[in-house]
> 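Once you've had a glance at the structure underneath, I'll fire off some questions.
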Amino acid sequence: MEAIRINKLNKTFKNGKKAISNFNLTVPQGEIFSLLGPNGAGKSTLINILTTYILPTSGEITIMGYDLRNESQRIRNCISCVAQHTSIDKHMSLKENLEFQGRLFGLDSSTIYARSEELIQTFHLAKYCDYKVSEYSGGVTRRLDIAMSLISHPKVLFLDEPTVGMDIESRQILWQMIRTIQEKFNTTIFLTTHYLEEAQLLSNTICIMKEGQPLIQGSLTELRQYFNEPVIRVELTSDENPATLLEHLNTHSYIKNIRIEENSLYITVEDRTRDFARTNTILNENYIDFCAVEIQKPSLSDIFMKFTNEEEVE
Ligand SMILES: Nc1ncnc2c1ncn2[C@@H]1O[C@H](COP(=O)(O)OP(=O)(O)OP(=O)(O)O)[C@@H](O)[C@H]1O
């Protein structure tokens with residue numbers, strides 16, 4: 001069974017703004033699903049509808065087989081949502097927060113105790129039990145927030161930009177936590193993110209949306225098949241300026257797109273063998289010092305840029 005099925009969804013706000021337009025989507029049970037899109041694409045609007053926070057204008061949605069219009073309370077009982085603002089009470093301890101959340105879902109004391117212990121153990125939170133929640137770092141607070149959202153054993157967990165603003169170490173811990181939730185609890189995870197690397201690392205399925213509509217949906221391998229264009233990566237030595245090479249490359253029509261990341265240029269081309277040779281010639285003719293030139297599979301960034309005509313939002 002699909003965890004989420006969306007059919008011909010539309011959302012127009014009172015001011016006439018059409019935020020979601022004829023949107024179809026399915027999310028299989030047990031998957032990590034990532035929703036990507038530039039600012040204003042409609043990601044938050046979609047999450048707000050799926051979590052029953054706002055009503056759609058038209059269209060059908062089922063979550064775990066329940067109809068969103070007629071069975072919204074049943075849906076609320078089987079989902080959890082971790083929004084960007086924390087729902088933790090900083091005056092309470094970690095265990096008190098978990099207990100409070102359990103009570104909101106109407107769980108009895110022994111269930112709350114057993115589930116709290118399980119969550120603390122699974123997500124290695126025991127060492128934080130002795131500290132006040134107000135003393136936690138942003139990363140630990142977010143981990144507690146997600147642990148709290150699991151006390152009701154939701155079938156579908158919505159995570160709205162779960163790692164926004166975190167340093168790389170905290171992000172990696174959280175990515176592991178998300179994988180554990182999928183493996184141990186078999187929870188379907190629906191996440192929105194601006195970090196393409198995050199979607200690439202975590203997701204079974206990715207949907208890129210823009211202006212209220214899905215542009216493409218599939219696994220990374222499927223997305224790569226749609227995007228059938230090779231990418232050549234040129235890594236320059238540290239004393240070379242990527243802008244100089246960009247200037248030379250821009251005069252050649254075989255190049256479809258160029259993305260610069262640190263000292264590397266990712267060049268989308270038409271023909272892998274012919275254009276690999278051409279790129280090498282340009283490097284040599286212009287005496288540009290490089291450490292590596294290689295043909296790569298397109299990354300999610302390349303696919304995102306092709307479909308949205310926009311760069312990753314940081
Ligand atoms: N309550 C509202 N009333 C009117 N327009 C709205 C409302 N909420 C959102 N919008 C508009 O709907 C469009 C989609 O907004 P939404 O917040 O869903 O995008 P998003 O993809 O989540 O963007 P971001 O990544 O910047 O959070 C935008 O043009 C936004 O201005």
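Numbers for residues simply follow the sequence, beginning at 1. Start at 1 and go down the list; that is how both ligands and their atoms are numbered.
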> With under 30° as parallel and over 60° as perpendicular, where do the rings of F33 and F190 fit, or are they tilted in between?
parallel
> May I have the list of side-chain donor-acceptor pairs in residues 12-26 shorter than 3.5 Å, sequence neighbours left out?
from : atom 1 : to  : atom 2 : distance (Å)
N15  : OD1    : K17 : N      : 2.9
K18  : NZ     : N10 : OD1    : 3.3
N24  : OD1    : K8  : N      : 2.6

> Show the protein residues that qualify under the rule heavy atom under 4.0 Å from an atom of ligand 1, listing them in chain and number order.
F13, N15, K17, A19, P38, N39, G40, A41, G42, K43, S44, T45, H194
> Is the backbone N or O of E247 less than 3.5 Å from a side-chain atom of T251, with the two atoms forming a donor-acceptor pair by type?
no
> Short question: side chain of N263, backbone of E235 - any donor-acceptor pair under 3.5 Å?
no
> Do side-chain atoms of D302 reach the backbone of S299 as a donor and acceptor pair under 3.5 angstrom?
yes
> Do NZ/NE/NH1/NH2 and the carboxylate oxygens of E117 and K95 come within less than 4.0 Å?
yes
